[in-house]
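Below: one structure, written as structure tokens.
Residue numbers run from 1 in the order of the sequence given. No hydrogens, no waters, no symmetry mates; every other heavy atom, side chains included, goes into these values.
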Amino acid sequence: MKSPNAFLAGLPTTIFTVMSQLAAQHQAINLGQGFPDTEGPADLIEAAAEALKDGRNQYAPLTGLPELREAVARSNARSYDLQIDPNTEVVVTSGATEAIAACLMAVVEPGDEVVLIEPLYDTYLPVLRLLGAVPRCVRVQAPDWGLPEAELRAAFGPKTKAILLNSPMNPSGKVFSVEELDLIAELVKAHDCYAICDEVYEHLTFGVPHIPLMTRPGMRERSMRIGSAGKSFSLTGWKVGYVTAPASLAALVAKAHQVMVFSTAPNLQRAVAKGLNLDESYFHSLAQDLRAKRDLLSNGLHELGFPTLPADGSYFVVADIGRHANGQDDVAFCRDMVKEAGVAAIPVSAFYDPEGPEPPRHLIRFAFCKKEAVLREALSRLGRIYRLG
């Protein structure tokens, strides 16, 4: 029998699966995977349930139900003063991960180069390599996650087709500043390429504004902006994403979406439309709640000798294990922490290109999108094993 796809066959089991299995095996608190342990707004869940009974359960339109596309356009206008045509500039996808793949498929061809910023979401590199593209990675530097201008400029070249930008950033929690966005915009324009903007945590920022790259001068016609109902409404299992892009690019994203999925569950789309029409106070309250949980976990980790790095957005905070590692790298430390303390986290080295330079080995990522009692119990368990003195 001939060999199957060699690239996919060679992909290892993800560290997220490994750590979740270990967490289950040892009855550990799982602060590894980034999903809330509470349900999203009850009225959205009720709307989705009721929509199953209204006789509209066949295929949704390829680009999404009109009411959701209109809600996405209104959200863009309300939050960012972006004027979007819901008929030609919005595509609804089955989650943001599919949206990322569809946006890359829309512009990238074999041999093209794509600029990425590490540490990065683990789906980016496999999708790029399946498309035959070449990643050019630039690292934001701990402890302040600064974006190195010289390295970023060097990553762009004649073969650059796009930059894939994640802000707010997983796993670091970095929210890119206006100055950093304008540097990126300058390079995108200078090299006549595109920007694919993964903004799934757009409503989850803490004391700093999220600014879409699409709003910066000259970027409206070059940017594809990705949002996520899963993150905005704490309903990660729904897998409803949406792409905002100029009509010429949205048409190509729609073709990629057609090839992969075609359409997304119509009842969930109707409920998400209701969510995007919620008052701004909902999003403010969500961010404030997560900010309090970030502070609770960060302060507790710091007191235990795990200093945390800045996290201005997302579900995650990164901690330095140096005072407790005793020569272990982040992977070994996380494995032992599950077994000994009963708390699971993710080694940050997993968020770097395995074909690139050696990643940092002293950092681990915790998810704080959990109930306060769960976070306190996790800190209590850690405190029984890791003490200063």
- Query: Salt bridge or not for Glu377 and Lys371, using N-O below 4.0 Å?
  - Reply: no
- Message: Is any side-chain heavy atom of Glu355 closer than 4.5 Å to one of Leu125?
- Response: no
- Item | For Trp238 against Leu44, the heavy-atom pair lying closest together | CH2-O, 3.6 Å
- Query: Between Arg69 and Ile84, is any pair of side-chain heavy atoms under 4.5 Å apart?
  - Reply: no
- Item | Side chain proximity check, Trp145 to Met169, heavy atoms < 4.5 angstrom | no
- Separation of Glu199 CD from Ile211 CD1 (nearest 0.5 Å): 10.5 Å
- Message: We want to know whether Ser380 and Arg384 form a side-chain donor-acceptor pair, criterion being a heavy-atom distance below 3.5 angstrom.
- Response: yes
- Going by heavy atoms in the side chains, are Asp192 and Arg222 under 4.5 Å from each other? yes
- Message: So which atom in Asp330 and which in Ile364 form the shortest heavy-atom distance, rounded to 0.1 Å?
- Response: CB-CG2, 4.0 Å
- Query: If every non-hydrogen atom of Ala345 is compared with every non-hydrogen atom of Met337, which pair is closest and at what distance?
  - Reply: CB-CE, 3.6 Å
- Query: Has Arg291 got its NZ or CZ under 6.0 Å from the middle of the six-membered ring of Phe206, at an angle within 45 degrees of the ring axis?
  - Reply: no
- Query: Is any side-chain heavy atom of Asp81 closer than 4.5 Å to a side-chain heavy atom of Thr215?
  - Reply: no
- Would you please indicate yes or no on a ring centroid separation below 6.0 angstrom for Phe16 and Tyr121? no
- Evaluate the side-chain proximity of Ser94 to Met260: yes if any heavy-atom separation is below 4.5 Å, no if none is. no
- Item | Parallel, tilted or perpendicular, as decided by the 30° and 60° cut-offs, for the rings of Phe233 and Phe283 | tilted
- Distance-only, no hydrogens or angles: does the Glu98 side chain make a donor-acceptor pair with backbone N or O of Gly95 under 3.5 Å? no
- Do you know which two heavy atoms are closest between Gly313 and Val175, and how far apart they sit? N-CG2, 3.9 Å
- Can you see which heavy atom on Gly32 is nearest to which on Ala367, and at what distance? O-CB, 4.3 Å
- Item | Quiz item: cation-pi between Lys231 and Phe35, 6.0 Å / 45° | no
- Message: Are Ile163 and Cys193 packed together at the side-chain level, in the sense that at least one heavy-atom pair is separated by less than 4.5 angstrom?
- Response: no
- Query: Short question: side chain of Gln269, backbone of Leu65 - any donor-acceptor pair under 3.5 Å?
  - Reply: yes
- Query: How about Tyr386 and Phe333: are their ring centroids closer than 6.0 Å?
  - Reply: yes
- Task: Would you kindly say whether Ser20 and Asn30 are connected by a side-chain donor-acceptor distance under 3.5 Å?
- Result: yes
- Message: In this structure, would Val348 and Leu382 fall into the same cluster of hydrophobic residues linked by side-chain contacts under 4.5 Å?
- Response: no
- Note on the structure: What one should report as the nearest heavy-atom pair of Asp112 and Val107 is OD2-O, 3.9 Å
Acceptor/donor pairs from residues 298-305 side chains to any protein atom, 3.5 angstrom cut, sequence neighbours excluded:
residue	atom	partner	partner atom	Å
Ser298	OG	Arg294	O	2.9
Asn299	ND2	Asp295	O	3.1

- Query: Does the side chain of Leu68 come within less than 4.5 Å of Val240's, by heavy atoms?
  - Reply: yes
- Kindly indicate, with the supporting measurements, whether the criterion salt bridge (charged side-chain N to carboxylate O under 4.0 Å, His left out) is fulfilled by Lys174 and Glu180. CA-CA 11 Å; Lys174 176 183 175 66; Glu180 290 170 326; 2.8 Å; yes
- Query: Counting distance only, does the side-chain N/O of Asn166 pair as donor-acceptor with the main-chain N or O of Asp198 below 3.5 Å?
  - Reply: yes
